[in-house]
Amino acid sequence: MATFQQKYESLKQEFNELDINDDGKLDKNEMFQVLDSKIGKQFDREIAEELWSNLDINHDGKVTVNEFIQILLKAEDSLKSKINNCRTTLELNYQQKRETETNLDYCQSNEKLNNFGVMEGSQLCVIVIQAANLKADGKQLDPFVTLQFDKFEKQTIINKGPNPFWKEIQKFYFPVQTGKEDLKLTVCDFDKYTPNIVIARVDLNLSNNSFNLKNQQLHDIWLDLYDINGNRSGSQLNIQIQWVYSKVKYLRDVLNSYQQQVYQQEQELLQYERDLFILYEPFVKWRQLNTKGYQKPISQEPTSIIPISYQQVDPTKIVKPFCDPLLDKNSKFKLITILIGLIGCFTLLILFYKAQFFDLLLIIDFYILWEFNALNENRIKTLGILFGMSCFLDVIWIFCIGMKWLGNDSHEIYIPYEISIQKMISILVIISLILRLYLILNLFQLSQEVQNITNPQSIKIQHKSIVKIDMQNTHNIESKTYLHNGRPIVIY
């Protein structure tokens with residue numbers, strides 16, 4: 001790590017090289033001219049203008065050596081700080097993504113859905129937060145809330161006043177079977193000597209689309225309360241509610257969000273790296289001091305697009321989109337790549353005797369789509385159909401060759417070795433045909449799996465760590481807590 005004195009001396013030398021007329025000051029044109037000459041092309045004008053606006057502190061059109069050094073070091077520190085923060089956030093999200101993948105693999109092999117599409121052990125989580133404008137009728141209120149769901153009933157602790165706030169968080173869990181059950185919330189006034197008085201109530205059906213509980217996120221909602229006659233009471237109840245009916249679908253949504261967030265963060269980090277590269281580029285001595293022994297990016301992700309070091313950053317580099325691990329790690333997809341590789345080898349051998357360019361184009365198309373992360377359900381099905389057409393053409397070819405052999409056309413003269421080559425090529429075509437039929441079967445199976453993986457809806461996730469904690473659970477079902485939008489989300 002270079003010391004401040006070393007940086008100061010190197011930047012002072014750089015300043016003297018920029019100062020063409022040796023007056024101890026730089027003007028704007030003088031700096032732009034030398035920056036262009038140092039890198040052999042026009043220096044990025046947007047960065048140059050921003051740099052100059054920061055250098056010329058007193059706006060007199062001139063920059064002294066101390067201003068020059070101070071601003072460059074400040075710009076360097078700012079970019080390095082942003083880079084380090086990006087790396088920390090990326091490493092955290094990589095870890096969260098890996099944990100989510102592990103959880104998803106487990107859930108995919110263990111989750112069972114009933115006839116209503118609800119997983120076994122599904123639960124509804126409800127948290128009562130506060131109430132507002134409860135009718136007191138001139139007396140002291142001691143309100144509490146009862147929660148009824150199917151045959152289960154629970155209640156909050158007793159509070160005080162017409163606007164109670166439950167500071168102690170109580171999470172209530174209810175088993176869900178159909179997703180059409182009603183949650184009945186009743187606000188009561190506690191009385192030590194007489195029966196409790198109902199102040200207001202409200203019913204909430206899980207299938208109510210206005211609350212969209214099907215998206216499995218945590219909802220913070222205010223409910224209008226009604227009196228015992230069914231009229232609006234003017235009171236309200238604030239609750240948090242979440243229902244996870246499929247852990248697999250929920251975790252796929254989370255994983256999809258992590259992939260998008262990681263890709264955006266990698267692009268952001270790459271941009272900061274490029275900016276620092278551009279800042280260093282004209283100043284050779286300063287760049288050598290700062291990039292010597294520079295720490296490599298912390299990411300070990302196979303799809304990471306983070307440059308290895310500042311010297312290796314190519315500002316014109318086109319970045320490959322973030323790859324989908326659910327596809328790359330799919331065993332059937334790996335089998336398909338092996339089959340296509342084998343078919344490609346047979347195709348090249350067959351090309352010496354028979355035109356097989358259609359198969360070759362399909363193989364090239366597959367690898368192009370894979371390289372650019374463009375494989376989806378429809379394209380995989382299309383490849384399967386095209387390979388099917390290829391098989392049909394080869395069946396016709398084999399039939400024609402077979403009829404030719406059976407015909408024993410005595411008028412046609414064969415070169416002795418030509419018959420052997422023809423038979424060998426026919427065997428290769430038959431082997432290739434069998435491989436392609438097996439490939440088509442796997443392509444259509446993979447397209448179905450991709451359809452299950454793909455979710456068009458995007459959920460924005462805050463960069464918070466996944467927290468696993470023990471939750472209150474009256475039914476002894478394992479629970480885990482995730483954070484969405486900065487709030488804990490429980491899945492069972």
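Below, all heavy atoms of this structure are taken into account, side chains as well, without hydrogens, waters or symmetry copies. Positions are given from 1 along the sequence. Given the structure is predicted, the values throughout are model-derived calculations rather than measurements.
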Is there a side-chain contact between [X] and [Y], using heavy atoms and a 4.5 Å cut-off?
| X | Y | result |
| --- | --- | --- |
| Q170 | I157 | yes |
| E111 | Y106 | no |
| R201 | K184 | no |
| C125 | F172 | no |
| K154 | F174 | yes |
| E266 | L90 | yes |
| L185 | I239 | yes |
| L437 | F387 | no |

Is the side chain of [X] donor-acceptor paired with the backbone N or O of [Y] at a distance under 3.5 Å, no angle test?
| X | Y | result |
| --- | --- | --- |
| N205 | K180 | yes |
| S78 | K74 | no |
| H219 | Q242 | no |
| Q216 | S246 | yes |
| T146 | Q155 | no |
| N215 | Q217 | yes |
| T337 | K334 | yes |
| N114 | T178 | no |
| T186 | V145 | no |

From CA spacing to verdict: side chain to side chain contact (heavy atoms under 4.5 Å, CB included), K214, Y245:
CA-CA 8 Å; K214 277 280 189 176; Y245 62 89; 3.7 Å; yes
Just verifying a value: how many Å separate [X] [atom1] and [Y] [atom2], rounded to the nearest 0.5 Å?
| X | Y | atom1 | atom2 | answer |
| --- | --- | --- | --- | --- |
| S122 | L113 | OG | CG | 9.5 Å |
| I83 | L270 | CD1 | CG | 10.0 Å |
| I340 | L362 | CD1 | CG | 9.0 Å |
| N159 | E168 | CG | CD | 10.5 Å |
| L441 | L446 | CG | CG | 11.5 Å |
| D150 | Q177 | CG | CD | 8.0 Å |

So, [X] and [Y]: side-chain donor and acceptor under 3.5 Å apart, yes or no?
| X | Y | result |
| --- | --- | --- |
| T102 | R98 | no |
| Q265 | N93 | yes |
| Y263 | Q267 | yes |

Quick check: closest heavy atoms across [X] and [Y], and the distance to 0.1 Å?
| X | Y | value |
| --- | --- | --- |
| P143 | P164 | CG-CG, 3.7 Å |
| I343 | S432 | CG2-OG, 4.2 Å |
| V118 | G179 | CG2-N, 4.3 Å |
| F358 | L386 | CE2-O, 3.4 Å |
| L104 | V248 | CD1-O, 3.7 Å |
| T347 | L360 | CG2-N, 4.1 Å |

Please determine if E273 and R87 form a salt bridge, counting it only when a charged side-chain N lies under 4.0 Å from a carboxylate O.
yes
Cationic N near anionic O, under 4.0 Å, K82 to D275:
no
What's the verdict on side chain to side chain contact (heavy atoms under 4.5 Å, CB included) for V128 and N238, showing C-alpha distance, side-chain angles and the deciding distance?
CA-CA 6 Å; V128 178; N238 178 210; over 6 Å; no
Start with the C-alpha distance between I241 and L204, add both sets of side-chain angles, then the distance that settles side chain to side chain contact (heavy atoms under 4.5 Å, CB included), and finish with yes or no.
CA-CA 11 Å; I241 184 169; L204 173 63; 3.7 Å; yes
Of all residues at least two apart in sequence or in a different chain, which pass the side-chain contact (heavy atoms from CB on, under 4.5 Å) check with N85?
S81
Is there a side chain to side chain contact (heavy atoms under 4.5 Å, CB included) between W243 and L183? Walk through the geometry before answering.
CA-CA 12 Å; W243 173 39; L183 173 65; over 6 Å; no
With a cut-off of 6.0 Å (strictly less than), are more than 12 heavy atoms of other residues, nucleotides or ligands near CG of N115?
no
Using a cut-off of 6.0 Å, state whether more than 12 heavy atoms not belonging to F165 lie near its atom CZ.
yes
